[in-house]
Each structure stands twice: as structure tokens, then as C-alpha cells.
S.K.: 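Quick one: the structure is below, and I'll ask about it shortly.
Letters A, B, ... mirror the listed sequences (proteins, then strands); counts begin at 1.
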Amino acid sequence: MGFKDKVLEVVRKIPEGHTLSYKEVAKLAGNKSAYRAVGNILNRNRNPNIPCHRVIRSDGKIGGFNKGSREKIKFLKKEGSILI
DNA sequence: CGTATGACGTGCA
DNA sequence: GTGCACGCCATAC
């Protein structure tokens, strides 16, 4: 159990229709300054149970996605969590 | 063990 | 308002 698992758990707890920024996730994970690592972890970690598409940048931008930002945008728009 | 990387964030020009 | 550059942390190899 480390920062990685904590981040994944936090992201997994994100309810539908709600999005969190990498910084927020890092803060909830215990390291508010590790937002850099959050993106890294989500990128390397391919866990289908982790709705990583609900994690966006603080700017409101999508950021990136394993399968392609298109899918991420699609999911967010479908859930009504984003206004792009 | 040490180096390099990255789906970020903030500041400054 | 937009663009560029730097700094930050943890993970993976």
C-alpha cells in the first residue's frame, strides 16, 4: 500500500457525474504536492476498475488518456461532468 | 540503486 | 489572453 494504491482507491471512489483534478486526487491520497505522480500512476496503471477518465486537469482540460482523449471526453460528456 | 519519465501546476514574459 | 519554462513527486526500468 503506497501512494499509488491510495490514488487508485481515491479515483475509484469518485461518484458518477463528478470529476476531480489531479491535484485534488493527490491531496486526498495524502500528498497534495504529488499531483505529478498521480498522472504518472494513472498513465502506467491500467486498472479497469479505476474511472481515471473522471480525473482532469485543474484548468478544466482533459489532459490525456490511455485509450485516447476522445474516449475520455466522450465519457465525461456522457456523464455530464464536463462542458467542452 | 540510480536515472529518466510523465495523463500536472504555477509563474512570468 | 496566450505561450514558454521551471519545479515538483512517485513510479517504472
S.K.: Can you list every side-chain hydrogen bond (donor to acceptor under 3.5 Å, both in side chains) pair that touches residues 1-15 of chain A, not counting sequence neighbours?
M.R.: A:Glu9-A:Lys13

S.K.: Return the polar atom pairs (N/O with N/O) between nucleotides 1-3 of chain C and the protein under 3.5 Å, or none.
M.R.:
none

S.K.: Produce a footprint string for nucleotides 6-13 of chain C: one letter per nucleotide, 5' end first; B if the base is under 4.0 Å from any protein heavy atom, S if only the sugar-phosphate is, - if neither.
M.R.: -BBBBSS-

S.K.: Can you name the side-chain contact (heavy atoms from CB on, under 4.5 Å) partners of A:Lys23, sequence neighbours left out?
M.R.: A:Ser21, A:Tyr35, A:Ser58

S.K.: Do the side chains of A:Asp59 and A:Arg57 get close enough for a salt bridge, i.e. N-O under 4.0 angstrom?
M.R.: yes

S.K.: Taking only residues two or more places apart in sequence or in another chain, which ones pass side-chain contact (heavy atoms from CB on, under 4.5 Å) with A:Asn31?
M.R.: A:Phe3, A:Ala34

S.K.: Sequence neighbours left out, what passes salt bridge (charged side-chain N to carboxylate O under 4.0 Å, His left out) with A:Lys32? Give chain and number order.
M.R.: none

S.K.: In chain order, what residues pass the side-chain contact (heavy atoms from CB on, under 4.5 Å) check against A:Ile14, with sequence neighbours excluded?
M.R.: A:Val11, A:His18, A:Leu20, A:Arg54, A:Val55

S.K.: To the nearest Å, how far apart are A:Arg57 CZ and B:dT10 C1'?
M.R.: 11 Å

S.K.: At what distance, to the nearest 0.5 angstrom, does CD1 of A:Ile62 lie from CD1 of A:Ile56?
M.R.: 6.5 Å

S.K.: Take the protein atom CD1 of A:Ile62 and the nucleotide atom P of B:dC8, then report the distance between them rounded to whole Å.
M.R.: 12 Å

S.K.: Taking side-chain contact (heavy atoms from CB on, under 4.5 Å) as the definition, give me every residue that meets it alongside A:Asn49, ordered by chain and number, with sequence neighbours left out.
M.R.: A:Asn47

